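To start, the structure under review is shown below, and the notes come after it.
The structure presented is a predicted model; accordingly, all values stated were derived computationally and were not measured.
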Amino acid sequence: MGRLFAVIALLFAFTISPFAAPDWSAVVKQVEKSVVFIEIGSEGSCTGFVIDATRHYVMTAAHCQPSDHSSLWVDRVAARVVSLDSKKDLMVVEVKDIDPSLPALVLARKNPERGQDVMSCGFGMGLERAFFRQAHVQDDQTSVPETGQAGTFVSLDSAFVGGQSGGPVVNAAGEVVMIVQRASNTVGIGVGADVIRERMGRFFGK
């Protein structure tokens with residue numbers, strides 16, 4: 001009888017484990033080491049994240065480039081633009097003197113699915129510490145024609161905070177599923193992992 005109860009308990013555990021809530025506090029500890037603060041001169045600030053520690057590459061949004069094309073500063077270190085894709089609002093910069101201990105984030109294999117739990121990360125309001133905002137994917141095929149950008153976006157049921165632009169949106173495994181790009185008062189929008197891989201995948205570490 002005791003063995004039977006043990007088997008039932010084990011089966012029950014396997015049955016409910018897929019529905020267990022993610023431990024977002026653990027994800028925060030994992031991701032925050034890779035998120036960096038980007039200064040845009042007098043124009044404000046953005047967020048970026050390390051994508052290749054060996055090559056010193058950081059990803060952010062293309063609209064975080066200064067309008068006068070002056071220098072970007074990543075964690076108070078000068079950065080150089082390596083690749084710019086204004087159509088998809090993606091940019092990769094090289095930061096040669098960046099802290100070598102900062103780990104690179106991994107790009108997810110595909111876009112997040114509708115209803116999936118995710119978390120956006122970034123220096124909202126230009127504050128000292130990054131914001132971490134939990135959300136759900138409300139649509140993975142959102143069209144935003146007024147942006148002038150072709151294609152579809154991933155949209156979340158939680159808005160971003162000014163200064164989060166260029167930051168990562170991660171899943172419960174800490175993988176990048178989209179990037180912070182724009183928002184309304186209630187919705188956060190950005191391109192997903194599929195577009196990021198197509199346009200900038202070659203810059204991510206192996």
Side-chain angles (χ1 to χ4, degrees), residues 26-41 43-112 118-124 126 128-132 149 151 153-154 160 163-181 190-206:
V27 180
V28 168
K29 292 178 182 178
Q30 173 188 344
V31 172
E32 65 180 347
K33 302 173 184 177
S34 306
V35 179
V36 295
F37 182 77
I38 296 180
E39 296 178 72
I40 321 173
E43 299 178 41
S45 63
C46 279
T47 299
F49 54 101
V50 179
I51 60 174
D52 189 323
T54 301
R55 293 185 289 177
H56 314 287
Y57 287 164
V58 166
M59 174 168 281
T60 187
H63 72 259
C64 294
Q65 184 183 41
S67 57
D68 60 358
H69 300 285
S70 58
S71 295
L72 284 169
W73 298 86
V74 177
D75 281 354
R76 300 176 299 280
V77 176
R80 176 183 70 89
V81 176
V82 173
S83 184
L84 181 71
D85 188 335
S86 57
K87 289 185 178 181
K88 297 301 181 183
D89 196 16
L90 298 169
M91 181 167 66
V92 173
V93 300
E94 179 188 33
V95 194
K96 287 190 174 181
D97 295 324
I98 197 169
D99 184 346
S101 68
L102 300 180
L105 292 183
V106 175
L107 184 62
R109 290 183 299 172
K110 60 181 181 178
N111 283 356
V118 295
M119 181 174 63
S120 64
C121 320
F123 292 92
E128 286 281 335
R129 300 183 69 188
F131 282 176
F132 292 86
Q149 295 174 319
F153 297 83
V154 177
F160 303 133
Q164 279 192 278
S165 286
V169 177
V170 300
N171 59 22
E175 301 168 328
V176 178
V177 294
M178 64 180 284
I179 186 172
V180 174
Q181 290 178 319
V191 295
D194 291 345
V195 171
I196 295 173
R197 175 172 288 103
E198 176 191 347
R199 297 303 182 102
M200 298 293 188
R202 65 192 183 278
F203 296 108
F204 279 76
K206 303 301 181 183

Item to check | Smallest separation among heavy atoms of Val170 and Cys121, with atom names | outcome: CG2-SG, 4.3 Å

Checklist entry - Hey, does Phe49 have a side-chain heavy atom less than 4.5 Å from the side chain of Val31? => result no

Item to check | Rounded distance (nearest 0.5 Å) linking atom OG of Ser120 with atom CZ of Phe132 | outcome: 9.0 Å

Checklist entry - Is Arg197 reaching over with its side chain to a backbone N or O of Arg109, donor-acceptor style, under 3.5 angstrom? => result yes

Next on the checklist: For Asp194 versus Lys110, what's the shortest heavy-atom pair and its separation?
Outcome noted: OD1-CA, 3.4 Å

Item to check | side chain to side chain donor-acceptor pair (under 3.5 Å) involving Ser67 - partner list, sequence neighbours excluded | outcome: Glu43

Item to check | Which atom of Pro112 lies closest to which atom of Val154, heavy atoms considered | outcome: CG-CG1, 3.9 Å

Checklist entry - Could you give the distance from CE (Met59) to OG (Ser83), rounded to the nearest 0.5 Å? => result 8.0 Å

Checklist entry - At what distance, to the nearest 0.5 angstrom, does CZ of Arg129 lie from CZ of Phe37? => result 15.0 Å

Next on the checklist: Restricting to non-hydrogen atoms, name the atom on Val180 and the atom on Ala61 that form the minimum distance, rounded to 0.1 Å.
Outcome noted: O-CB, 4.2 Å

Checklist entry - Quick one: does Gln181's side chain have a donor or acceptor within less than 3.5 Å of a partner on Asp89's backbone? => result yes

Item to check | Nearest atoms (heavy-atom pairs only) where Ser86 meets Ala62 | outcome: CA-CB, 4.2 Å

Next on the checklist: For Ile51, is there any backbone N or O sitting under 3.5 Å from a side-chain donor or acceptor partner on Ser34?
Outcome noted: no

Checklist entry - Got a second to check how far Cys64's SG is from Leu90's CG, nearest 0.5 Å? => result 11.0 Å

Checklist entry - Between the main-chain N or O of Thr47 and the side-chain N or O of Thr60, is there a donor-acceptor pair closer than 3.5 Å? => result yes

Checklist entry - How long is the span from the CD atom in Glu198 to the CG atom in Asp85, to the nearest 0.5 Å? => result 9.0 Å

Checklist outcome for this item: Residues Glu128 and Phe123: closest non-hydrogen pair is O-CE2, 3.3 Å

Name every donor-acceptor pair, under 3.5 Å, that has one atom in a side chain of residues 91-108 and the other anywhere in the protein, sequence neighbours excluded.
residue, atom, partner, partner atom, Å
Glu94, OE1, Arg80, NE, 3.1
Glu94, OE1, Arg80, NH2, 2.7
Asp99, OD1, Ser101, N, 2.9
Asp99, OD1, Ser101, OG, 2.8
Asp99, OD2, Ser101, OG, 3.1

Next on the checklist: Would the distance check show the side chain of Asn111 and the main-chain N or O of Ala193 forming a donor-acceptor pair, the cut-off being under 3.5 Å?
Outcome noted: yes

Next on the checklist: Nearest 0.5 Å, please: how far is CD1 in Ile38 from CH2 in Trp73?
Outcome noted: 13.5 Å

